[in-house]
Structure formats: structure tokens, C-alpha cells
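Just so it is clear, the structure is predicted and the values come from calculations on it, not from any experiment.
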Amino acid sequence: MEKYVINVNGKDREVSALQDMPLLWVLRDLLDMKGTKFGCGQALCGACTVHLDGEAVRSCSLPVSEVGTGKITTIEGLSEDGSHPLQKAWVEHIVPQCGYCQSGQIMNAAALLSRNPSPSESEIEAAMEGNLCRCGTYNRIKDAIVTASKSL
Amino acid sequence: MMPNLPFLKKKQPEDRSEIFRASRRDFLKIGSLAAGGLVLGVNFQCSGPKGELVTFAPNVFVSIGSDNLVTILAHRSEMGTGIRTSLPMIVADELGADWSKVKIVQAEGDESKYGNQNTDGSFSVRMFYEPMKKAGATARHMLMQAAAKEWGVDVAECDTENSHVVLKGGSKKIPFGDLVAQIQTMELPKAEDVPMKDFSSYKLVGKDIPIYDVKDIATGNAVFGADVNLPNMLIAVVQRSPVVGAKVVSYNDEKALAIPGVKKVVKIEGPGLPAGLDKPLEGVAVLAENTWAAIKGSRELEIEWDLGPNQSYDSAVQLEEMVKSTTSNGTAKRERGNFSQAKSSSGKVIEKTYLAPFYAHSTIEPPAAIADVKADGSVEVWAPSQHPQWARDAVSAALGIDVSKVKMNVTLLGGGFGRKSKPDFVAEAALLSKAAGVPVRVQWTRECDLHHDYYHSHSAQRIVATLDGSGNLTGWNHHTVFPAIGSGLDAAPPSDGELDLGCRDFPYEVPNIRIESHETTAHTRIGWLRSVSNIHHAFAICTMLDEIAETKGVDPVDQALQLLGEDKNLTFAGEMVGDYGNYGEKIEDFPWSTARMKKVIETVAEKSNWKSNLAAGKAVGFAAHKSFLTYVACVVMVEKDANGNLVIPEVHYAVDCGIPVNTDRVRSQFEGGAQFATSLATTSAITLENGRVKQNNFDTYQIIRMSQAPKKIHVHIIPSMEKPTGVGEPPVPPFIPALANAVYKLTGKRNYQLPFQV
Ligand code: FES
Ligand code: FES
């Protein structure tokens with residue numbers, strides 16, 4: 001076990017973990033932040049997506065030892081009150097079905113919009129390709145991203 | 001012996017009356033019980049000393065506080081269909097509640113209190129539309145009676161809106177909360193005295209209403225199966241029988257226990273064979289302080305297995321054997337006219353064989369459950385369960401305790417599709433908590449999920465169609481074979497219940513029909529997946545009909561309308577061998593209406609401009625299929641992109657589901673159904689070799705990604721005042737053949753096997 005100080009949603013948090021423990025389990029089990037979800041553990045589904053210095057990363061495949069001084073943002077830290085344009089667009093389009101994949105979808109979309117504020121349909125598809133939704137909300141996700149991009 | 005199919009569970013007459021018997025009892029108790037003493041199991045407060053919150057709860061589903069807050073209990077499981085919103089909408093609308101001041105509370109699993117909670121088979125709305133209306137209407141009537149008395153008017157002069165009783169004409173109004181004290185002692189009205197609202201006055205039912213949890217989901221605050229945290233909880237990851245029926249001979253846990261954080265290793269005793277539908281598989285669990293240590297520990301286990309009789313099973317070999325069996329005579333399950341005669345006198349015979357694979361549910365949330373076995377032997381459970389009472393029963397059986405000692409909390413489900421009806425994972429958590437003496441969360445990994453599912457059966461079908469000299473379809477002979485739900489090593493045919501899912505209920509006017517089933521065995525756990533055997537049956541039937549239309553040189557939409565014939569209600573009387581199930585409903589209550597089917601077909605043809613000319617490089621396909629008492633027709637358009645990949649630019653659905661309760665959720669189920677079906681049609685398959693599932697994760701068991709999804713999905717809902725029927729499953733079956741038929745037109749190559757490559 002090693003001690004790590006990681007910066008999550010603007011706060012330094014000290015945790016003690018095996019060095020290969022993925023950030024996902026640090027967040028969920030050690031810090032009791034349950035917004036980030038487990039879907040595959042192999043960077044194949046995107047349910048665990050968070051930001052590391054603004055880039056979307058799959059937290060299930062990022063060992064805590066590699067986080068370093070990078071700033072982590074999770075769904076809980078995307079906005080204080082659900083007021084991020086994507087969160088508002090998600091509500092407006094009633095995107096979720098079961099909802100389980102949606103934290104990851106929103107975090108991935110947020111990273112997309114911060115580097116490309118008005119993505120085309122094919123750019124949205126390319127950027128969101130790593131995020132699976134079994135319920136089939138892809139169309140509404142796309143629509144919501146477009147709506148959010150217009151309000152940026 | 002076939003088990004009852006829980007997703008077809010007959011509606012018990014008690015389901016309805018129980019609610020109201022219970023409600024009367026509850027009501028009478030209200031005056032005397034202390035807070036929390038109500039049979040509601042949630043924090044409804046009852047009458048207390050002056051100035052405190054007083055609550056009126058005319059039945060288990062609705063309560064109104066003196067603070068004017070209306071609380072409605074959701075007793076069905078939310079897995080993405082929107083049921084947690086839709087049923088409360090019905091109560092609120094009938095009551096006249098201000099929807100923005102309605103709180104929804106999830107009910108515990110307890111069918112003695114709430115009636116059927118098995119959220120499966122697309123029957124929640126069908127079964128509970130009327131009871132929910134009555135729940136709301138009863139409360140409304142009593143509130144109006146109280147207000148009428150206060151105002152000295154006739155109750156007929158009163159109405160409700162925005163959580164107020166109003167005097168018609170608008171001169172007076174009073175909030176519900178102010179009337180709560182008065183109605184504490186009021187007698188519960190007789191059901192026949194309670195007026196129901198006219199549909200036209202509904203403000204919620206029949207409209208687009210956002211789901212209750214949408215904000216919580218968008219902010220990461222929604223609570224799913226694995227999200228409950230308990231003090232001192234250990235996390236368990238289990239290595240289960242790699243082959244169904246395998247037993248542990250011995251295991252070495254030294255290396256597992258050496259991983260920091262690993263606390264304990266516990267063997268789970270499985271039933272061996274038959275594996276059953278509600279028992280954990282045999283396995284060895286690693287319990288650790290966190291999920292990562294448990295995952296690592298489970299990888300370090302060294303287990304010696306006695307693999308048992310399924311170790312040489314190969315699904316591809318069985319598929320070939322099943323194909324062969326369809327060429328022999330099976331057991332007749334429906335007979336009309338004389339097919340053999342039709343065949344011998346026919347001008348043309350079309351004979352095709354259709355194959356479909358095993359499918360896994362692969363909900364993005366893998367199974368997870370939490371149990372806390374207490375020192376007194378009772379247990380509290382949290383799980384994303386589709387069938388909470390079954391989970392409760394399974395826990396009670398696993399621990400050998402009375403079911404009253406099992407408190408069953410239901411979280412949100414991160415997808416269900418039939419997987420989370422089975423309570424095996426919930427029983428695991430209970431057994432492990434008992435063994436460890438602390439709360440335990442059992443966490444399935446994706447590999448666990450794909451290796452140990454209750455799969456949708458793979459299948460072989462052969463359809464023989466005969467045409468007479470003038471091209472009329474004169475004979476239809478459908479052979480079907482697949483390992484039946486819950487079956488095992490003893491050869492068995494599909495159950496009648498499975499044949500009634502889109503095979504025996506073939507609705508077309510063909511003078512000679514013979515439906516035959518064949519026996520086979522099961523070597524893995526077979527369950528049900530969104531629309532069940534409708535998936536493969538509709539694929540075979542609707543692509544065969546397309547092929548017949550092509551042979552005859554007629555339009556497939558025209559052919560379907562013509563084959564449905566005059567407007568009539570089908571009963572299949574005298575033709576079925578054994579009873580026809582009709583999804584658990586009496587055929588008099590839910591007739592098979594050719595008129596409603598024709599209407600959805602005509603609508604989808606019109607809305608999709610079926611007969612208009614298409615741009616070069618595009619093609620469209622059509623299919624129509626009724627399932628779960630909902631009528632659906634579908635048109636799918638396809639093209640190829642520059643790289644030769646299949647693209648689905650547009651889909652049109654027409655659906656008649658009776659009264660659509662939440663039109664937005666009807667649409668979202670069809671949007672999702674089209675995407676789910678795209679995966680079944682083009683990307684997903686489970687195969688087994690040496691008794692083991694070969695697919696491990698989403699790299700090898702693929703479901704569609706965003707770029708593969710249909711781009712535009714139009715859902716045309718037929719306005720209807722018929723009894724409401726479900727929409728969770730019906731979108732899936734017709735989509736697959738409509739897509740297959742479109743792909744054929746695009747490529748000139750017919751696909752007879754799922755998933756198909758384009
Ligand atoms: S859980 Fe990380 S990508 Fe699936
Ligand atoms: S909403 Fe259920 S998996 Fe995406």
C-alpha cells in the first residue's frame with residue numbers, strides 16, 4: 001500500500017492504495033464518490049469516464065500511481081448544481097433510459113465540447129465511440145450535445 | 001418439466017383486489033398507528049399531536065401530507081423503461097395532483113403489500129393502469145367529499161387541480177393538505193361510488209413527461225445496485241463454475257489472501273445440475289476491503305474443478321444438430337387445414353432455414369447486490385432487481401430463514417432486459433454476508449457477466465411455404481427448435497409459452513398451417529432477453545414473407561395487408577395444440593385484432609413514404625410483428641458509407657399500444673429498441689466451446705456504438721383508447737427482419753443467420 005495525494009474536483013484527497021489500483025476504485029471505494037460507474041474494467045465501455053486535466057480518460061484503466069498532480073474532474077464536479085450546459089441539455093432532451101452509462105457519456109461529451117465547441121455529427125460520433133449505451137440513447141445523446149454546443 | 005415463465009405470469013385476480021383490501025385495512029388503522037407503523041414500510045407519517053405533519057394514505061400507493069406533498073409509491077423496478085414515472089403519473093393525474101409537488105418513493109420488495117412486482121414481460125402498465133387510476137380516484141373523491149362538506153355543496157360541484165380541491169366555476173379552492181385532518185376518520189368509499197376522470201381531462205397521461213430521475217442521473221446522484229455503502233462492508237468477487245454444473249474439487253487461496261486488502265475466501269455451494277433459475281452457481285469468493293483487491297484476489301485463486309457433463313459441449317455442433325432435426329417431423333403445435341396436401345399440390349415450394357445465436361444481456365451495469373445479515377439472523381438487501389419478491393424468496397431459501405426476515409430494497413437498475421429478474425446474484429450476497437459476519441457487496445465483473453448469464457437461446461428454424469399455380473400462399477409449415485428456458489440435459493421442446501411468442505400466433509390467412517416444435521438439450525443457463533423467442537421467430541417469419549412477396553412479384557406491405565384479410569379478431573380456436581397463452585390475458589379481453597395490425601402497417605407505409613422512389617444506393621425493408629399485445633410495424637432504410645460500412649439513416653415505427661401513458665417514454669423505448677435490435681442483428685453472439693463461453697468483454701461480445709446506431713428513428717403512435725399495453729419489448733422483433741429485408745434489397749444477398757455481416 002502506498003499513500004497518494006490526488007486532486008479531485010479541486011480538492012486534494014489523500015488515499016492509501018495499491019499502486020495499480022485503478023482510479024475508478026479509488027473514487028468509488030476509497031472516496032465514496034459513486035457517480036463514476038463500472039462497466040467493463042477494460043477501457044471498452046466508457047462508463048467510468050472522468051477528466052484528467054480536462055481530457056476524458058477511462059478511470060478503470062488509469063492506475064492511481066499515474067495520476068500524479070493531474071487534476072481530476074468527475075460527474076460530481078462538472079458543475080455544482082447540474083447547471084453545466086450538457087447537464088441542462090440532458091434534462092431537456094430526457095436523454096437517459098436506465099441512466100447507468102450517462103455519467104460517462106456526459107463527461108466524455110464535456111471533454112469533446114471543451115476542445116471543439118461546435119462539433120459536426122460525424123465528429124460527435126467519432127468522439128463518443130468509446131461510450132456504450134445498451135439502452136439505446138445514442139440519438140438523444142447526439143441531440144443533447146448539439147443543443148449544449150449552441151448554448152456555449 | 002418446464003417451469004412457469006415468470007415473464008408471462010398470469011395476472012392473478014388477487015393482484016387487483018389485494019391492493020384494495022389492503023388499502024381498506026390500512027385506512028382503518030390510520031387513526032391509531034404511530035409514525036412508521038403503517039403497513040407502508042416507508043417514512044409516511046400518520047396522525048400525531050396538533051401541529052405535526054399529518055398524513056392521509058387511502059391505500060398503499062398514495063399518501064398526502066398536511067404540507068400538501070403527495071407521495072406516490074413506485075412498486076415496479078426502474079430499469080430504463082420509465083415505469084417509475086409512468087405509473088405514478090396515472091395516480092397523480094386521476095388525483096389532480098400538482099406533478100411538481102409529487103414525491104416518488106421506491107417500494108420495498110413485498111408482493112403481499114403491493115401485488116405483483118415482477119417487472120418483466122412488458123406488463124406493468126397493462127396490469128396496473130386501472131389499479132393506479134383507482135388509487136388516485138379514491139383519494140380524490142375523499143378530498144372532494146371533505147371540501148364539499150366544508151363548503152356545504154354537493155360533491156359533484158367539486159373538482160381537483162394542482163393539489164387543490166376547487167369549486168367548479170373557480171370561486172373557491174382549498175389545498176389537499178388542509179383537508180387531510182378531516183378525512184382521517186372518513187369511511188373509504190366503495191369502488192363503484194368513485195368517479196373516474198374523463199381521459200380528455202388528463203394533464204399527464206398521454207403526454208411527454210420527463211422521467212422523475214433525470215436530474216439525479218445527469219448529476220451522478222442516482223443510486224444503482226453497487227452504489228449503496230455500508231460501514232465495514234466487504235466487496236466480493238467470485239470465480240464461478242467455468243462450465244455450468246462444474247463443482248469445486250479443491251482450491252488454494254494462499255496467493256489470493258496475500259493480496260493486501262483481501263480478508264477472506266469463501267466457497268459458494270452451487271446446485272450442480274440442473275442449475276435452476278434462481279440459485280448461485282458454485283464458486284469461490286474473494287472478500288476484500290475494496291473492489292480492486294477482490295478482483296486481484298479472485299485472479300490469484302487456484303481452483304480444481306470437476307467440470308461435469310457439459311465440459312465437451314460445443315454450441316456450433318448443437319446448432320448443426322438442431323438444423324438437422326428441423327428436417328424431420330416434429331410435434332405439431334398448431335394445425336389448420338392440411339399442409340402435406342397443400343405441399344403435394346403446390347406450384348412452388350420455398351424452403352429456408354434460419355439460425356440465431358445465444359445472446360447475453362450485457363447491461364452496462366453488471367449484476368451487483370448488497371446484503372447485511374444481522375446478528376438476529378434477519379437480513380437487509382439492496383439490489384437492482386427486476387423481480388424483488390423472487391429475490392426475497394431466493395435469499396430466504398439460501399439462508400434458511402423465513403421470508404419475513406428479509407428486507408428487500410430495490411435500487412435503480414442499470415439496465416435489466418430480463419437478466420436481473422434472476423436472483424442468483426442477490427442470493428450470493430446474502431450467503432457471503434452470512435459467512436463473513438459483515439455486510440457484503442458482491443460485484444460481478446464484465447467477464448463474470450458474459451460468462452455466467454442466463455442466455456437468450458440459440459435457435460434453428462425451417463419454414464416451408466407453398467404457393468399455388470396463381471401464386472397464392474397456400475401452405476405454411478414452421479419448424480422451430482431451441483433449448484427451452486430453464487431446461488437442462490433432458491431433451492425438451494420449447495414450452496408452449498415460448499411458442500406463443502411470435503410463432504404459433506402466426507396471424508395470416510393461409511389455408512394450411514402446420515407449426516412443429518423439436519426437442520433439444522441445454523448445456524448452459526437459458527433465460528429470457530427483451531422480447532424472448534419473438535426475436536428469432538419474427539426474424540424467420542418476416543424475412544420469409546419478404547421472400548415470398550418477391551417470388552410473387554408483389555409489394556411486401558400490400559401482401560401483409562392482403563394476408564391479414566378482413567377486419568376480425570383472431571382466436572386460433574381449434575387450431576392450437578394446448579392452450580394459447582396470449583401473454584397471460586384472456587383473448588376476450590385482449591383480442592388479436594387484424595384491424596389494429598393493418599392500421600400500424602398502413603401508417604408506417606404512409607409515414608415512411610414506402611412506395612416513393614429512393615435515391616440510388618438506398619434501400620428499405622419492412623416487417624410487422626405483434627408481441628406482448630402491442631402492434632408494431634417497422635420500415636428500416638439502409639445504405640453504405642464510403643468505407644462500405646452499413647449505415648441506417650432512417651427508421652419508421654408505427655405502434656398501437658392502446659392508451660400511451662407517457663408518450664415520451666413510448667418513443668424512447670422504440671428508439672432504444674431499434675438500437676438494441678441493431679446489436680442483435682449485426683454485432684452480438686455468444687458461442688461456447690468445451691462448455692465455456694468464449695466471449696470475455698465488449699471487445700468480443702460487441703454491442704453497437706454510436707456510429708452504428710440508426711441515425712433517425714421516427715415513432716408514430718396510433719391514438720387509441722384501447723387498454724394500454726407495454727412497449728419495452730415490442731420494438732425489438734420487427735426491427736431485425738425489416739433491417740434484414742432492407743439489406744437484401746441493398747446487397748442482393750439474403751441473410752438467414754443472425755448476426756449478419758453486410
Ligand atoms: S469501466 Fe472503464 S471503460 Fe468500461
Ligand atoms: S441509459 Fe442505460 S446504458 Fe445508457
Side-chain angles (χ1 to χ4, degrees), chain A residues 1 17-18 20-22 24-26 28-30 32-42 44-45 47 74-76 78-79 81-82 84 86-88 90-91 94-103 106 121-122 124-126 128-142, chain B residues 78-82 208 210-211 213-224 226-227 229 235 259-261 289-293 295-296 362-366 412-417 443 445-446 664 668-669 671-676 697-699 703-707 709-713:
Chain A
M1 297 278 214
L18 292 174
D20 59 354
M21 185 189 278
L24 170 66
W25 301 117
V26 173
R28 287 189 57 87
D29 289 351
L30 305 188
D32 197 21
M33 297 173 69
K34 305 292 198 194
T36 306
K37 304 300 183 196
F38 167 60
C40 70
Q42 301 283 344
L44 295 165
C45 78
T74 69
I75 186 76
E76 292 93 341
L78 186 63
S79 69
D81 47 1
H84 186 282
L86 279 166
Q87 290 171 314
K88 288 206 273 193
W90 244 246
V91 171
I94 326 175
V95 171
Q97 288 185 33
C98 82
Y100 192 79
C101 71
Q102 302 292 345
S103 300
I106 291 172
E121 182 174 357
S122 58
I124 293 174
E125 285 181 1
M128 300 301 292
E129 205 65 351
N131 288 72
L132 291 174
C133 176
R134 183 58 155 161
C135 296
T137 64
Y138 292 131
N139 303 69
R140 295 200 192 199
I141 290 172
K142 252 194 249 179
Chain B
E78 182 54 88
M79 53 189 159
T81 63
D208 286 354
I211 51 170
D213 300 299
V214 65
K215 264 202 194 113
D216 280 347
I217 291 169
T219 52
N221 287 312
V223 176
F224 293 89
D227 296 342
N229 208 4
I235 318 305
I259 307 262
E289 285 169 342
N290 59 70
T291 316
W292 181 240
I295 290 173
K296 285 186 74 151
S362 67
T363 54
I364 303 295
E365 173 196 51
L412 291 175
L413 284 68
F417 314 119
Q443 177 65 59
T445 63
R446 177 59 51 197
D664 175 73
S668 71
Q669 283 304 290
E671 293 162 11
Q675 296 173 48
F676 195 91
N697 209 312
F698 288 122
D699 48 352
I703 60 174
I704 59 158
R705 294 177 182 275
M706 188 182 273
S707 66
K711 308 285 177 212
K712 288 264 174 302
I713 303 165

Is it true that a side-chain atom of [X] and a backbone atom of [Y] form a donor plus acceptor pair closer than 3.5 Å?
| X | Y | result |
| --- | --- | --- |
| B:Glu671 | A:Asn139 | no |
| A:Arg134 | B:Thr363 | no |
| B:Asn697 | A:Cys40 | yes |

Does a side-chain heavy-atom distance below 4.5 Å link [X] with [Y]?
| X | Y | answer |
| --- | --- | --- |
| A:Lys37 | B:Ile364 | no |
| A:Leu18 | B:Ile259 | yes |
| A:Cys45 | B:Arg446 | no |
| B:Pro210 | A:Val91 | no |

Taking every heavy-atom pair that is under 4.5 Å apart, which of [options] has the most such pairs with chain A?
| options | answer |
| --- | --- |
| B:Asp227, B:Ile704, B:Leu413 | B:Asp227 |
| B:Thr291, B:Thr81, B:Val214 | B:Thr291 |
| B:Phe676, B:Phe417, B:Phe698, B:Phe224 | B:Phe224 |
| B:Ser362, B:Gly82, B:Gly673 | B:Ser362 |
| B:Ser707, B:Gly414, B:Pro260 | B:Ser707 |
| B:Asp699, B:Asp664, B:Asp213 | B:Asp664 |

If you look at every heavy atom in [X] and [Y], which pair is closest and at what distance?
| X | Y | value |
| --- | --- | --- |
| B:Ala709 | A:Tyr138 | CB-CD1, 3.7 Å |
| A:Arg28 | B:Ala226 | NH2-O, 3.1 Å |
| A:Pro22 | B:Trp292 | CD-CD2, 3.3 Å |
| A:Gly39 | B:Pro366 | O-CG, 4.2 Å |

Side chain, backbone, both or neither: which part of B:Glu78 has a heavy atom under 4.5 Å from chain A? neither
Please determine whether side chain to side chain contact (heavy atoms under 4.5 Å, CB included) holds for the pair B:Ser668 and A:Arg140, giving the CA-CA distance in whole Å, both sets of side-chain angles, and the decisive distance to 0.1 Å. CA-CA 9 Å; B:Ser668 71; A:Arg140 295 200 192 199; 3.5 Å; yes
Using heavy-atom distances under 4.5 Å, tell me whether A:Ile124 contacts chain B through its side chain, its backbone, both, or neither. both
Going from [atom1] on [X] to [atom2] on [Y], what distance comes out if it is rounded to the nearest 0.5 angstrom?
| X | Y | atom1 | atom2 | answer |
| --- | --- | --- | --- | --- |
| B:Lys296 | A:Trp25 | NZ | CH2 | 14.5 Å |
| B:Arg705 | A:Leu44 | CZ | CG | 6.5 Å |
| A:Asp29 | B:Glu289 | CG | CD | 10.5 Å |
| B:Gln669 | A:Gln97 | CD | CD | 5.0 Å |
| B:Leu412 | A:Tyr100 | CG | OH | 12.0 Å |

For the interface with chain B, which of [options] has the highest count of heavy-atom pairs at distances below 4.5 Å?
| options | answer |
| --- | --- |
| A:Ala126, A:Cys98, A:Gly35 | A:Cys98 |
| A:Ser122, A:Pro96, A:Ala17 | A:Pro96 |
| A:Ile106, A:Leu132, A:Leu24 | A:Leu132 |
| A:Glu121, A:Met33, A:Lys142, A:Gln102 | A:Lys142 |

Is it true that the side chains of A:Gln87 and B:Thr219 contain a donor and an acceptor less than 3.5 Å apart?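 No, because no side-chain N or O of A:Gln87 sits under 3.5 Å from a partner of the opposite role on B:Thr219.
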Do other residues, nucleotides or ligands put more than 12 heavy atoms under 6.0 Å from B:Lys711 NZ?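 More than 12 within 6.0 Å, yes.
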